[in-house]
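The figures here come from the full heavy-atom set of this structure, side chains too, leaving out hydrogens, waters and symmetry mates.
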Amino acid sequence: MVTPADVAGRILVVDDDPTVAEVVARYLQRDGHQVECVADGVEALRRAQSDPPDLIVLDLMLPGMGGLEVCRRLRETSPVPIVMLTALGEETDRLVGLETGADDYVTKPFSPRELALRVKSVLRRARGALVPGGTGVLRDGDLVVDVSAHEASRGGEELALTAREFDLLVFLMRNPRQAFARDQLLQQVWGWSFGDSSTVTVHVRRLREKIEPDPTVPARIVTVWGVGYRYEPTETEAGS
């Protein structure tokens, strides 16, 4: 049975290298996506705001406006999934990209097939297909997460969570008071058998800024020194 999460999406590819953009577009189109390519950051921001795509493949190095600034401005108003393209070995760029709000990244030179698979994974997560448990409402004090609707709110105000942030929050809330190593979270939430565990650190930091009364003294997502992180319900057991 085909579900909404399996339906291909509209992808905006932002890269000033026409060869890279053409190859990426070709592979994404093979998966059934509609693809639009733009070559500079200013135009990318204009297109994304005027006609929001389902996902953006965004290169960091762009003329006019860099990819990080494009991502930062989009995140002020939109949780649109973003997969960043970064240069090989530029760990700082990757971390800043994740801090800015990217959902995933692929390093250049990359396999177009790998990028297509990452795009598919992020899209499915954004549409709620891979959230553990699938449905239900999770509550913890003023924090309410509607898994079915893929919405989260705190104190009655909707939270602008990216797909990865949402998945991470749901996973932790469904497993309260259990400590998870960063590598375990990479496997359980990202579906990666290996990867950069700093990805988890960045997403936890961003989540804390959105769900904690005081992110500098987190009460919900607490650090377990030497292990990783644990979700501590503030009032009652988090559950559906």
Side-chain angles (χ1 to χ4, degrees), residues 71-72 74-82 94-105 121-122 124-192 195-240:
C71 183
R72 186 176 293 111
L74 284 174
R75 279 293 171 261
E76 292 175 353
T77 58
S78 171
V80 59
I82 297 173
R94 294 199 297 273
L95 294 180
V96 173
L98 293 170
E99 287 274 15
T100 306
D103 295 271
D104 206 343
Y105 66 86
S121 173
V122 173
R124 292 185 66 200
R125 288 181 181 278
R127 293 168 176 177
L130 301 182
V131 174
T135 61
V137 176
L138 304 172
R139 300 179 187 276
D140 177 27
D142 64 348
L143 180 63
V144 180
V145 179
D146 188 330
V147 182
S148 303
H150 211 267
E151 294 177 347
S153 63
R154 177 171 168 258
E157 294 188 8
E158 186 173 351
L159 299 174
L161 302 181
T162 67
R164 298 290 190 185
E165 290 169 354
F166 187 88
D167 285 358
L168 179 59
L169 179 58
V170 169
F171 179 80
L172 290 172
M173 290 184 73
R174 286 196 184 279
N175 296 278
R177 299 196 176 95
Q178 295 185 47
F180 294 95
R182 292 170 181 81
D183 289 343
Q184 288 179 297
L185 292 172
L186 269 181
Q187 186 170 24
Q188 294 293 328
V189 178
W190 277 256
W192 299 354
D196 185 354
S197 62
S198 61
T199 299
V200 176
T201 305
V202 171
H203 279 76
V204 166
R205 187 180 307 130
R206 280 173 26 202
L207 255 185
R208 283 171 169 168
E209 291 173 353
K210 298 176 182 181
I211 72 170
E212 300 281 6
D214 183 356
T216 63
V217 187
R220 284 185 163 119
I221 303 179
V222 300
T223 299
V224 182
W225 298 108
V227 181
Y229 302 102
R230 179 181 71 236
Y231 189 89
E232 283 290 338
T234 57
E235 294 186 359
T236 59
E237 284 289 333
S240 58

Might you work through the side-chain contact (heavy atoms from CB on, under 4.5 Å) test for L169 and L138, ending with a clear yes or no? CA-CA 10 Å; L169 179 58; L138 304 172; over 6 Å; no
Before giving the answer on side-chain contact (heavy atoms from CB on, under 4.5 Å), spell out for H150 and L161 the whole-Å C-alpha distance, their side-chain angles and the decisive distance to 0.1 Å. CA-CA 9 Å; H150 211 267; L161 302 181; over 6 Å; no
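Closest non-hydrogen pair, G101 versus C71, comes out as C-SG, 3.9 Å. In terms of heavy atoms, A179 sits closest to V224 at CB-CG2, 4.0 Å. For the pair S148 and G136, the tightest heavy-atom approach, listed with the atom from each and the gap, is OG-N, 3.4 Å. Annotation for S153 and G156: closest pair CB-C, 4.4 Å, computed over non-hydrogen atoms. In terms of heavy-atom proximity, V122 sits nearest to P81 at CG1-CB, 3.6 Å.
Evaluation of the side-chain contact (heavy atoms from CB on, under 4.5 Å) rule for V204 yields L168, V200, R208, I221, Y229 as partners, not counting sequence neighbours.
Remark: T199 OG1 to R182 CZ distance equals 11.5 Å, nearest 0.5 Å. Interatomic distance, OG1 of T234 versus CD of E212, reported as 9.0 Å (0.5 Å rounding). Atom NZ of K210 sits about 8.0 Å away from atom CG of L159, to the nearest 0.5 Å. Atom CZ in F166 sits 11.0 Å away from atom CG in L207 (nearest 0.5 Å).
No side-chain N or O of R75 forms a donor-acceptor pair with one of T100 less than 3.5 Å apart.
Screening residues 145-161 for salt bridge (Lys or Arg N to Asp or Glu O under 4.0 Å) gives D142-R154 as the qualifying pairs, with residues at least two apart or on separate chains.
Contact annotation: the side chain of D183 never approaches that of Q187 to less than 4.5 Å [non-hydrogen atoms, C-beta and beyond]. In this structure the side chain of E232 reaches within 4.5 angstrom of the side chain of R177, judged on heavy atoms. Using a 4.5 Å heavy-atom cutoff, the side chains of V189 and H203 are not in contact.
Test N175, D140, V222 against Y231 for side chain to side chain contact (heavy atoms under 4.5 Å, CB included) and you get one pass: D140.
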